[in-house]
Structure formats: C-alpha cells, structure tokens
Amino acid sequence: MDAKHTGHMSRFMAVFAIGFLLFPLLAVVPVSFTSKRYLSMPEGHWSLRHYAALFSSSDWMSSIVQSVLVAVCASVIATVLAVTFSVGVWYVRSRIATAMVALVLVPMVIPPVISAMVLYFMETKLGSWMPSAGYDTLPGVVIAHIVVITPYCVVTMLVALSPLDRRIELAARNLGAGLAQTTFMVVLPNLKLAIASTFFLGLALSWEEISVTLFVTSVNVNTVPRHIWTDLRDNISPGVAAISVLLLALTTAVLLGRMAVQHLAARRQTTH
C-alpha cells in the first residue's frame, strides 16, 4: 500500500473514531427540540419551547451568570499562576524546579473525588476564618476551580516554553536588560498566543467542572453543571437537553478558539 492510500485510510479511521465518540453527544440535539414535556425524540414537529423556557427561567439565568463569573475569574487567575510558575521554571532549570513541576501536577493524578473531599474540608475551614470566601460562596468555588485547572494550564505553558530559545534571554541580558525587562519585553511577547491558549483551556475546564463543585456548594451557588445534576435527579425535563446543547456548542467554540490560537502560533514559528 503506497503512502497516498495509507494517508486516506488514516484519515478515514480518524473520522470514524471521532464520529463514534461524538455520536452519543449529538443524539441530545434533536431531543432538545421536542415539543413534548418529557425527554423524547421529536415526531414530525420540532419546537423551541424548551429553549424559550430556559432563557425565561430566573434559576437558569442565575446559574449561567454564576458559571460565567466563576469560569472567567478562575481561568484568569490560573493563567497568571501558570505563566508565572512556568517562566520561573524556564529560568531556573534545576532539579528543584523539576520537583516543583511534579508537585504542581499532583492534582491531575489524584482521583477527582479525593480532590473534592480535600477541597471541601479546606473550604469549610477557610469559611470559619473568612466567611465570604469559604464553603458555598462564589470566591470559594473560584478557589476550588483554580486548584483543579491550574495544573492543566501549567502543562500548556511548559509545552509552549520548551521550544523557546534561551539565547533570547542571554542576548537581552548582554544588552543590559534586567530580569523584569527580559521577562516582560522579551520572553512574554513570544508567548502571547500560548497564554491565550492557556486561558481558553482553563475557561473550558472551569465551565464544565462538576465533581468538585458538588462538594463545595450547597444552596447559594448553583452553577450550570450543578443545576443540570440537580434537574437530572429531581425532574428530567427536555430543558436539560437544551442547556446541554448550548454547553456543547460553547465548549466546542472555546476549543476551536484554542486550536486556532495554537495554529496561529505554529504558523508564526514556521515563518520566523
């Protein structure tokens, strides 16, 4: 088999695998357009009643606003932490830095339930000292999401920093630039697209986080994934399918934006 046929077969297998994985997710799309009051496939008549009910519901709107606030705040702070840590490791490059990277990545390998339990006890303890940032508060949820998504942001930044030529730092230092000037005027400008990609990744991870959110919230904070979880337990309505379709579309848009940023970064590296 020549290289051309091998390429066609590889693409076919890739498309087949993607379709196989996405088909269960796409099945929820027609369900969201049913005209009935319960989950079912539309039978001849497609309706937007559940989307209209979704946007006219104060509970769902409150959940969407809370999810947006938590996701934006958590992703911004996680991106800042990831950039600061990764650039520091890039500067040092020692055994201690390697150990620090391994320590930062620990939350990625710990089971989500264990992380959720630990964060629950941390939030309740923090609430006794600072009630406005403890259990079942928006700042408390933001803190929990930061802990969860920061390791993934760190991985993204470390990958972006790995091909960066260290000679640009040496050249800046030889020209008299200090550490701050080298960082903000030389290193970070070469990482603009990587930083944007890190932010998009953190936004998607925080927006869809549910396991930790269930442990650190109760009544006051009700994000969209938590609201879906509650509805699935108490009352399975097509409104859940409607919000699921919107979540799927939003997540796809964020991931496509991240891919576009990575593509632009790759093209920029090849042109330079």
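Computed from a predicted structure; not experimentally measured.
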Where [X] and [Y] come nearest, the two heavy atoms and their spacing:
X      : Y      : result
Phe215 : Met117 : CE2-CG, 3.8 Å
Val187 : Tyr91  : CG2-OH, 3.6 Å
Val221 : Leu138 : CG2-N, 3.6 Å
Leu214 : Arg226 : CD2-CG, 3.8 Å

Residues, nucleotides or ligands: over 12 heavy atoms within 6.0 Å of [X] [atom1]:
X      : atom1 : result
Met61  : CE    : yes
Met130 : CE    : no
Ile114 : CD1   : yes

Does [X] belong to the same Ile/Leu/Val/Met/Phe/Trp/Tyr cluster as [Y], with side-chain heavy atoms less than 4.5 Å apart forming each link?
X      : Y      : answer
Tyr152 : Val106 : no
Met122 : Trp129 : no
Val159 : Val104 : yes
Val216 : Ile110 : no
Val80  : Leu188 : no

Could you measure the distance from the [atom1] atom of [X] to the [atom2] atom of [Y]? Nearest 0.5 Å is fine.
X      : Y      : atom1 : atom2 : result
Met108 : Thr150 : CE    : OG1   : 11.5 Å
Phe200 : Ile195 : CZ    : CD1   : 13.0 Å
Trp60  : Asn222 : CH2   : CG    : 8.0 Å
Ile143 : Thr137 : CD1   : OG1   : 7.0 Å
Met157 : Trp90  : CE    : CH2   : 11.0 Å
Ser62  : His227 : OG    : NE2   : 9.0 Å

Would you find a donor on one side and an acceptor on the other, under 3.5 Å apart, between the side chain of [X] and the backbone of [Y]?
X      : Y      : answer
Glu209 : Ser211 : yes
Thr124 : Phe121 : yes
Ser75  : Val72  : yes
Ser128 : Lys125 : yes
Ser197 : Leu193 : no
Ser206 : Ala74  : no

**Prompt:** Leu201 pairs by side-chain contact (heavy atoms from CB on, under 4.5 Å) with which of Thr79, Ile149, Thr156?
**Reply:**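 Exactly one candidate clears the test, Thr156.
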
**Request:** Among Val118, Val113, Thr217, Leu119, find the residue that satisfies the side-chain contact (heavy atoms from CB on, under 4.5 Å) test when tested with Val212.
**Result:** Leu119

**Request:** Would you check, one step at a time, whether the test side chain to side chain contact (heavy atoms under 4.5 Å, CB included) holds for Val68 with Trp207?
**Result:** CA-CA 7 Å; Val68 170; Trp207 176 264; 3.5 Å; yes

**Request:** Take Leu81 and Cys153, measure what side chain to side chain contact (heavy atoms under 4.5 Å, CB included) needs, and give me the verdict at the end.
**Result:** CA-CA 9 Å; Leu81 293 176; Cys153 296; over 6 Å; no

**Asked** Taking it one step at a time, do Leu205 and Val148 satisfy side chain to side chain contact (heavy atoms under 4.5 Å, CB included)?
**Response** CA-CA 9 Å; Leu205 291 174; Val148 173; over 6 Å; no

**Prompt:** Yes or no on side chain to side chain contact (heavy atoms under 4.5 Å, CB included) for Trp229 and Thr213, after CA distance, side-chain angles and deciding distance?
**Reply:** CA-CA 11 Å; Trp229 176 274; Thr213 307; over 6 Å; no

